[in-house]
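One structure below.
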Amino acid sequence: MSENRKPQLAFVGKLPHGTALGTSGKTHCPSCMGLFKAPRLLPCLHTVCTRCLEQLEPFTVVDIRGGDSDTSSEGSLFQDPKPPRSLQPQIGILCPVCDAQVDLPMGGVKALTIDHLAMNDVMLENLRGEGRGLVCDLCSDREVEKRCQTCKANLCHFCCQAHRRQKKTTYHTMVDLKDLKGYSQIGKPILCPAHPAEELRLFCELCDRPVCRDCVVGEHREHPYDFTSNVIHKHGDSVRELLRGTQPHLEALEEALVEIKGASSSLRERVEAVAADIRAFSEGYIKAIEEHRDRLLKQLDGIRAQKENSLQLQKAQLEQLLADMQTGVEFTEHLLTSGSDLEILITKGVVVERLRKLNRVEYSAHPGVNNKICFSPQEKAGRCRGYEVYGAINTKEVDPTKCVLLGEDLHRAREKQPVSFTLLCKDAAGEAMGRGGDNIQVTVIPKDNKDSPVRTMVQDNKDGTYFVSYTPKEPGLYTVLVCIKEQHVKVGT
């Protein structure tokens with residue numbers, strides 16, 4: 001490839017000149033609420049001023065997560081390959097927007113990825129305000145009057161005249177600031193940090209980062225590289241593919257939050273219904289029953305609080321995940337539609353890592369708790385003020401993985417003689433249910449005649465145990481299947 005060929009940059013998905021910037025442009029720091037100054041892009045895809053990040057209180061953690069951890073240093077374009085990780089201290093800060101942990105690279109806050117999109121949006125915002133706040137790029141003293149479209153530099157009146165007098169820049173195109181207000185891209189050239197006089201126009205495929213002409217004859221010599229305009233389609237498509245995999249999560253999370261809201265409402269309705277049952281049952285007992293009733297209501301309120309707290313926690317987690325997903329999708333969409341080739345390539349590493357991490361997050365789209373609350377008015381509840389009282393609240397739910405089968409007949413039987421064993425039902429905590437009423441499915445199948453299952457009988461002992469019996473008709477091997485909620489029950493030891 002000839003290095004003297006002037007690259008033709010292709011702005012994939014960018015608004016054409018003359019089109020006003022959309023509402024997705026970001027110009028104000030979410031921390032200080034002022035216009036961005038040296039904006040840095042965090043791994044969570046939030047942009048914050050460098051000065052605001054430097055004012056945050058850092059903390060030290062020991063990084064034992066290995067290569068899959070989400071670190072801000074991975075989003076930096078210009079860094080040396082990191083050595084294998086071990087137990088080592090890591091300086092970090094918390095994102096002022098979402099409180100996500102940001103592990104700082106060796107260079108600190110200033111080594112984080114620069115958000116060139118935000119810088120472009122700030123410049124557009126200043127142009128809409130008649131250029132107030134912009135100073136000359138050459139003298140850094142006077143206010144800007146014109147812009148050199150060839151150099152992509154903002155110039156004051158004096159420097160503009162000097163620019164026209166120089167032989168090298170006499171024929172450069174100069175544009176008044178007022179004529180740039182409808183533009184969507186007027187950013188400055190992005191220069192190589194290693195060679196400040198050179199613009200980043202090439203992309204090193206081996207190192208996966210933009211480079212300049214001096215880089216490819218030095219540090220990146222013999223590395224495969226190409227013009228950014230030639231590689232943007234491949235890398236842009238990879239980001240779009242990740243985006244397509246991320247976008248469906250938005251709808252799923254929103255639907256999950258609707259279910260959480262419905263579950264919370266259902267829980268409250270169920271609590272009110274149980275409370276009404278409790279009050280109706282307690283009317284027949286005077287002071288003793290009233291005291292028992294109040295005790296039951298207090299217990300019920302504790303159950304409600306516990307379940308609602310669980311739902312609120314799940315709701316908060318899903319809302320935060322939804323916010324993270326929205327941030328990732330909105331930023332990536334804005335990058336792909338408004339960013340230049342180089343801006344996409346510079347930001348690609350951070351965006352790809354963030355989207356990949358978001359796509360790996362596991363979450364439940366269903367409420368984590370249920371409204372399994374029932375009142376058993378005939379269950380003995382001890383004595384209250386010397387009276388035998390009845391009525392108890394049950395929240396236990398049988399867990400098939402905790403239930404066990406007991407009995408010697410599980411392993412051997414005799415032809416045409418009754419065989420029996422016991423099913424002991426337990427809840428998720430491993431505690432005996434202490435009550436019956438569960439739907440138990442028992443199937444006994446001869447190995448040699450699977451189409452003729454043996455008739456079985458299940459007796460509910462009303463205490464959480466079930467007596468199961470059957471009579472094998474022929475000698476041979478039999479398969480005994482006991483299911484609760486369509487799950488098999490294991491044999492106890």
Side-chain angles (χ1 to χ4, degrees), residues 260-315 367-407 420-442 457-469 482-485 487 489 492:
I260 291 293
K261 182 179 179 181
S264 180
S265 175
S266 176
L267 175 62
R268 289 192 295 269
E269 292 175 359
R270 184 59 182 164
V271 168
E272 292 173 359
V274 174
D277 292 342
I278 294 171
R279 294 188 182 94
F281 175 74
S282 301
E283 288 178 355
Y285 297 86
I286 308 176
K287 292 183 179 181
I289 298 303
E290 289 179 349
E291 182 177 333
H292 180 51
R293 176 199 62 192
D294 295 337
R295 186 165 55 196
L296 289 172
L297 291 175
K298 184 177 180 180
Q299 178 188 358
L300 179 63
D301 189 67
I303 295 171
R304 176 198 57 79
Q306 180 182 6
K307 287 182 176 287
E308 283 193 341
N309 287 341
S310 297
L311 287 172
Q312 288 300 321
L313 176 59
Q314 185 181 9
K315 176 176 177 289
V369 298
N370 54 42
N371 61 351
K372 297 292 184 180
I373 307 174
C374 63
F375 175 59
S376 303
Q378 297 181 357
E379 185 173 340
K380 290 184 178 181
R383 289 184 172 273
C384 180
R385 293 179 177 266
Y387 292 91
E388 186 78 16
V389 293
Y390 293 80
I393 298 174
N394 291 314
T395 58
K396 288 184 177 181
E397 187 176 8
V398 65
D399 185 353
T401 63
K402 301 294 183 179
C403 300
V404 294
L405 301 176
L406 305 173
S420 63
F421 58 88
T422 300
L423 167 63
L424 175 59
C425 291
K426 299 181 180 181
D427 62 10
E431 297 180 355
M433 289 296 294
R435 60 173 177 81
D438 293 303
N439 184 19
I440 310 299
Q441 300 292 332
V442 180
M457 296 186 64
V458 180
Q459 178 181 332
D460 187 353
N461 297 326
K462 306 298 183 182
D463 58 356
T465 64
Y466 298 82
F467 181 81
V468 182
S469 62
V482 179
C483 297
I484 302 177
K485 296 181 177 179
Q487 295 186 45
V489 178

Acceptor/donor pairs from residues 300-308 side chains to any protein atom, 3.5 angstrom cut, sequence neighbours excluded:
unit_1, atom_1, unit_2, atom_2, d
Asp301, OD1, Arg304, NE, 3.1
Asp301, OD1, Arg304, NH2, 2.8
Arg304, NH1, Glu308, OE1, 2.7
Lys307, NZ, Asn370, O, 3.0

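- Checked against side-chain contact (heavy atoms from CB on, under 4.5 Å), Glu269 has the following partners two or more places apart in sequence or in another chain: Ser265.
- Arg383 meets the side-chain hydrogen bond (donor to acceptor under 3.5 Å, both in side chains) test with no other residue; sequence neighbours excluded.
- Partners of Thr465 under the side-chain hydrogen bond (donor to acceptor under 3.5 Å, both in side chains) rule, at least two apart in sequence or in another chain, are Asn461, Asp463.
- Ser266 pairs by the side-chain contact (heavy atoms from CB on, under 4.5 Å) definition with Asn371, not counting sequence neighbours.
- Leu423 contributes atom CG, which lies 12.5 Å from atom CD of Gln459 (distance to the nearest 0.5 angstrom).
- The side-chain hydrogen bond (donor to acceptor under 3.5 Å, both in side chains) search around Thr395 returns none, not counting sequence neighbours.
- Legend: salt bridge (charged side-chain N to carboxylate O under 4.0 Å, His left out) pairs involving residues 390-401, not counting sequence neighbours, sorted by first then second residue: Lys396-Glu431, Glu397-Lys485.
- For Lys315, the side-chain contact (heavy atoms from CB on, under 4.5 Å) partners two or more places apart in sequence, or in a different chain, are Leu257, Ile260, Gln312, Glu319.
- Taking the salt bridge (Lys or Arg N to Asp or Glu O under 4.0 Å) definition, one finds that Glu291 meets it with Arg385, sequence neighbours left out.
- Applying the side-chain contact (heavy atoms from CB on, under 4.5 Å) test to Lys380 and every residue at least two apart in sequence or in another chain returns Glu388, Tyr390.
- Side chains of Tyr466 and Val482 form no contact here, defined as non-hydrogen atoms less than 4.5 Å apart.
- Residues passing the ring pair (Phe, Tyr, Trp, His ring centres under 6.0 Å) test with Phe421: none are found, sequence neighbours excluded.
- The side-chain heavy atoms of Asp460 and Asp438, taken from C-beta on, include no pair separated by under 4.5 Å.
- Closest of all the heavy-atom pairs between Ser376 and Asn394 is OG-ND2, 2.8 Å.
- Separation of atoms CE (Met433) and SG (Cys403) is listed at 8.0 Å; rounding is to 0.5 Å.
- Within the model, atoms NZ of Lys372 and CG of Leu267 stand 13.0 Å from one another, a figure rounded to the nearest 0.5 Å.
- Contact of the Leu296 side chain with the Phe375 side chain is registered, since non-hydrogen atoms from C-beta on lie closer than 4.5 Å.
- Contacts of Gln299 classified as side-chain hydrogen bond (donor to acceptor under 3.5 Å, both in side chains), with partners at least two apart in sequence or in another chain: none.
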